[in-house]
K.L.:
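Got a structure for you, written out below as structure tokens; questions coming shortly.
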Amino acid sequence: MDLPLLQFDATGAGMYSPSAPRLSEPWPSRAVMCFFHEQIAALVDRGAARLAGRFSVEMGGHGIYVTEDSRGESVAVFHPTVGAPTAVHHLERVVAAGVRSVVVCGGTGALVPLALGHVIVATGSIRDEGTSFHYAPAGSRVDVDPEVVGALTGLLEEQSVPHATGLTWTTDAPFRETPSKVAARRDQGCLVVEMEASALLAAGRFRGVKVGFLLYAGDDLSGKTWDMRNWTASDARARLLPLAIEASGRI
Ligand SMILES: O=P(O)(O)O[C@H]1O[C@H](CO)[C@@H](O)[C@H]1O
Ligand SMILES: O=c1cc[nH]c(=O)[nH]1
């Protein structure tokens, strides 16, 4: 089949390259991609993070914040918008700025019975999106670096945070999560579904950057019918952002 997505070009450089967003202070070498707008706002409200720059207006003009971990080291925090192409666009821009390790904290749909808010450390992802195919040869799966998984689970164990480890299904089309696809991904070993992980992993590897994921179980797709579980109000979000900030110094 003459599918353009199968024509990965391993050697070609892009005709143009990502540029670094300007910051009002030096760019940290670590970042947290946080999908929880309200938790970034809360961090700023309590004076723990400051606005230091913005992404371009075309990409939504999201703020780029700088905070510190428990050792006083700087970490950039930003929302990467929803979906693989724009998440990777934001990753490319921060890598151009010198970021070398990224922890993603986000929500997912549970494909297996998992309590709302249960934390999942992704060990890899099924590539059911298009963006990763521009960064890695065609294949069904991309794995997280086992050392990154170990660093994240180590932190969670230290802090007594119950968690599961396993695969995530990254889809471009959340409204096409059909019962048979859910069953097929579950049979492949996926615990959860989200929209960015495999693309971020492939792009991170292509650029030589470490990427890890602290996710939580949100809405429930493990039964016969979908249960929203009011998942975007889960208190896991407030717990995950500080853990991700700390974890970015461990991967
Ligand atoms: O709630 P967040 O963490 O954005 O993550 C999941 O939810 C969004 C889809 O509703 C996608 O971004 C998906 O990855
Ligand atoms: O991508 C996603 C995220 C949460 N829940 C879903 O069903 N899909």
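Just so it is clear, the structure is predicted and the values come from calculations on it, not from any experiment. We count ligands from 1, going down the list as the structure has it; atoms in each ligand are counted the same way.
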K.L.:
May I have the list of side-chain donor-acceptor pairs in residues 155-165 shorter than 3.5 Å, sequence neighbours left out?
P.N.:
unit_1, atom_1, unit_2, atom_2, d
Glu158, OE1, Arg250, NH2, 3.0
Glu158, OE2, Arg250, NH1, 3.0
His163, ND1, Val161, O, 2.8

K.L.:
Do Trp169 and Glu177 have side chains that approach each other closer than 4.5 Å (heavy atoms only, starting at C-beta)?
P.N.:
yes
K.L.:
Who are the residue neighbours of ligand 1 when the rule is a heavy atom under 4.0 Å from any of its atoms?
P.N.:
Phe35, Val82, Gly106, Gly107, Glu194, Met195, Glu196, Trp231
K.L.:
Do the rings of Phe55 and His90 sit parallel, tilted or perpendicular, given the 30° and 60° boundaries?
P.N.:
perpendicular
K.L.:
Is there a polar contact, in the sense of an N or O pair closer than 3.5 Å, between Glu177 and ligand 2?
P.N.:
yes
K.L.:
Just do the side chain to side chain donor-acceptor pair (under 3.5 Å) check on Thr170 and Ser125 with the steps written out, would you?
P.N.:
CA-CA 6 Å; Thr170 305; Ser125 178; 2.6 Å; yes
K.L.:
With atom 5 (N) of ligand 2 as the reference point, say which of Leu221, Val82, Asp219 has the nearest heavy atom.
P.N.:
Asp219
K.L.:
Under the side chain to side chain donor-acceptor pair (under 3.5 Å) rule, what do Tyr216 and Arg237 come out as? Steps first, then yes or no, please.
P.N.:
CA-CA 8 Å; Tyr216 77 91; Arg237 299 159 78 95; 2.8 Å; yes
K.L.:
For Phe133, enumerate each residue passing the side chain to side chain contact (heavy atoms under 4.5 Å, CB included) test, keeping only those at least two apart in sequence or located in another chain.
P.N.:
Leu5, Arg127, Ala138
K.L.:
If you look only at distance, which donor and acceptor atoms sit under 3.5 Å apart when one is on a side chain in residues 8-19 and the other is two or more places apart or in another chain?
P.N.:
unit_1, atom_1, unit_2, atom_2, d
Asp9, OD1, Thr11, N, 3.4
Asp9, OD1, Gly12, N, 3.0
Ser19, OG, Arg93, NH2, 3.4

K.L.:
How far is atom 3 (C) of ligand 2 from the closest protein heavy atom, and which atom is that?
P.N.:
Val193 O, 3.7 Å
K.L.:
How close do Lys181 and Asp128 get, heavy atom to heavy atom, and via which atoms?
P.N.:
NZ-OD2, 4.5 Å
K.L.:
Would you say ligand 2 has an N or O under 3.5 Å from any N or O of Thr108?
P.N.:
no
